[in-house]
Amino acid sequence: MKPQTSSLITSNVPLYWLALGAFAVGTESFMIAGLLPGMAADLSVSVATAGQLVTVFAFAYALSSPVLTALTGNFNRRTLLIGAMAAFALANVVAWAAQGYWSLMGARILLAFAAGLYVPGANALASAVVAPERRGTAIAIVNGGLSVSIAFGVPLGALIGDRLGWRITFAGVALLAVIATIGLIAGLPRSIGTGLSTATLKERIRTAGQPVILLTLLVTTLWAMGSYTIYTYLALFISKATQLHGAQIGFILFSWGVAAAIGLRISGRAVDKHGPRAVILPSFGVLVAAFVTLSASAHLLPQSIAIVPVVIAVVAWGIAHWAFYPGQQAGLVGIAGVKAAPVVLSLNASFMYLGFSLGAGLGSVTLTYGAVADLGFAGALCEIAALLLSLAVGKRIASRNQLAAA
C-alpha cells in the first residue's frame with residue numbers, strides 16, 4: 001500500500017458535503033421499503049416480486065463495493081467521489097423514467113454500483129484527511145448523513161410516494177444527489193485525498209479469510225438478514241397487522257428511524273464504557289423479542305389492539321438494530337487491529353448488504369410459502385443464529401487470547 005501524503009483539513013465543511021451524499025444514498029437505499037405495495041401495483045407484479053428490487057440492489061452492492069473500490073484504488077479520491085455521486089444522480093433519473101419492472105431492476109443495479117463506490121470512499125477519505133484525534137468526529141459526521149436519512153429521509157420519501165407516486169421519490173433523490181455533486185465539486189479542496197492508498201482485492205480477501213474475522217463478518221450478515229426479512233416488507237406488514245394505511249405507515253418508519261438514531265448514540269457511549277460485547281449480545285436479545293412480538297401480535301391480536309405492541313416492538317427493534325452496528329465495528333477493529341481497520345470495516349459493510357439481500361429474499365420466500373404475519377418469526381430465527389455464532393466467536397477469541405498470554 002502506498003504511503004499517505006494527503007494534506008489534513010481543519011474545517012468540517014468538506015465533511016458535511018460528504019455527509020449530504022451519504023444522506024442521498026441512505027434515503028434511496030432504505031426508502032423503498034415504504035413504497036413496495038404501490039410499486040408492485042403500478043408495475044403489475046406481486047409485493048414479493050417487487051421485493052426482489054431490494055434483494056438485487058443489496059446483493060449488487062455487497063459484491064461490487066469491494067471490487068470497484070479496489071479497482072479504482074489509484075484514482076484521485078475527489079474525482080472518484082464526484083463521479084460516483086453524479087452516476088448515482090443519473091441512475092435515479094433512470095429509475096424515475098423506468099417503464100417496467102426489469103428496467104427499474106437495471107436502474108437499481110446501477111444505483112448499487114454507485115452507492116457501493118461512494119459510501120466506503122467517503123468514509124475512508126473522511127478518516128484520512130483529518131488529524132488522528134478528529135477521526136471519530138469525521139466518520140461520525142459522514143455516517144450522520146446515513147442516520148439522518150433513516151430518521152427523516154425514509155419516512156419523508158414514504159409520505160411523498162403515497163401522495164405523489166413512487167417515481168417522484170426517485171426524482172427527489174436525483175435532485176438531492178445533483179446538489180450533493182455540486183457541493184462536492186465546490187466544497188472539496190482539489191488536493192484532498194492526494195496519495196491516499198486503498199487496499200487491494202487480494203488484501204481484502206486475505207483479511208476476510210482469517211477464521212475469526214470471517215465468522216464475525218457472518219454474524220453481521222445474519223444480523224442484517226434478520227432485520228431486512230421484515231424491513232423490506234414493513235409497509236405490507238403494518239397494513240395487515242394494524243389499521244394503519246398509506247401515509248400513516250410513514251409515521252411508523254419515522255419512529256423506526258428516530259429509534260435508530262437513539263440506538264447509534266447509546267451504542268457509541270456504551271461501547272466506549274463497557275466494551276463491544278456488552279452492547280452486541282443484549283441487542284440480539286432485544287431483536288429476538290421485538291420480532292417475536294411483531295409476529296405474535298399479527299397472529300393473535302385484532303388490528304385495533306395490535307397497534308400498541310407493534311409500535312413498541314418497532315421502536316425497540318430500531319434501537320437494538322442500530323446499537324449493534326457500532327459495537328460490531330469496534331469489535332472487528334479489536335480483532336483485526338487498527339492497521340487493518342479500513343479493510344475490515346469495508347468488508348463489514350459488504351457483509352451487511354449481503355445480509356440485506358438474503359433477508360429480502362427470505363422475506364419473499366416467507367410471503368410465498370407462509371403469511372405476512374410470519375415475517376417476525378423468520379427474522380427472529382436469523383437473530384438467534386447470529387447470537388449463537390457471536391457467542392461461539394467470543395469463546396474462540398477468549399481461547400486465542402489465553403494461549404497468547406500463556
Side-chain angles (χ1 to χ4, degrees), residues 4 6-32 61 65 68-69 72-73 75-96 107 110-131 134-157 160 168-196 198 257 261 264 342 346 349:
Q4 181 181 314
S6 28
S7 55
L8 302 182
I9 60 172
T10 56
S11 170
N12 285 338
V13 172
L15 301 177
Y16 290 131
W17 286 118
L18 292 172
L20 180 60
F23 177 81
V25 170
T27 299
E28 196 284 330
S29 299
F30 291 99
M31 73 178 183
I32 196 170
Y61 186 111
S65 182
L68 291 178
T69 301
T72 57
F75 285 35
N76 177 274
R77 297 291 96 186
R78 178 179 181 273
T79 302
L80 183 64
L81 290 176
I82 291 172
M85 187 49 53
F88 187 76
L90 181 60
N92 272 285
V93 173
V94 174
W96 165 74
L110 293 176
L111 284 164
F113 289 166
L117 194 55
Y118 180 83
V119 175
N123 275 298
L125 184 64
S127 65
V129 298
V130 297
R134 293 185 63 229
R135 282 176 185 163
T137 299
I139 294 174
I141 289 174
V142 175
N143 285 326
L146 290 173
S147 60
V148 171
S149 74
I150 295 168
F152 299 103
V154 171
L156 181 61
I160 293 174
I168 297 300
T169 61
F170 284 103
V173 174
L175 178 60
L176 187 62
V178 168
I179 295 172
T181 302
I182 295 173
L184 292 172
I185 294 173
L188 294 183
R190 291 189 175 276
S191 61
I192 195 169
T194 302
L196 180 62
T198 301
L264 286 168
S346 175

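Computed over heavy atoms, backbone and side chain alike; hydrogens, waters and symmetry mates excluded.
- Put simply, the side chain of Tyr61 never gets that close to the backbone of Leu111: no donor and acceptor are under 3.5 Å apart.
- Remark: of the listed residues Val25, Leu81, Leu18, Thr69, Val25 is the sole one forming a side chain to side chain contact (heavy atoms under 4.5 Å, CB included) with Val119.
- Note that CG of Leu80 and CZ of Arg78 are 12.5 Å apart. Values are rounded to the nearest 0.5 Å.
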Give every donor-acceptor pair under 3.5 Å between a side-chain atom in residues 168-188 and any protein atom, sequence neighbours left out.
residue : atom : partner : partner atom : Å
Thr169  : OG1  : Trp166  : O            : 2.5
Thr181  : OG1  : Ala177  : O            : 2.8

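- What you find for Tyr118 and Trp17 is that their closest heavy atoms are OH-O, 3.9 Å.
- Nearest approach of Ala107 to Ala91, heavy atoms of both residues: CB-O, 4.0 Å.
- What you find for Gly116 and Ser65 is that their closest heavy atoms are O-OG, 2.7 Å.
- Looking at every heavy atom in both residues, Thr72 comes nearest to Arg77 through O-NH2, 2.6 Å.
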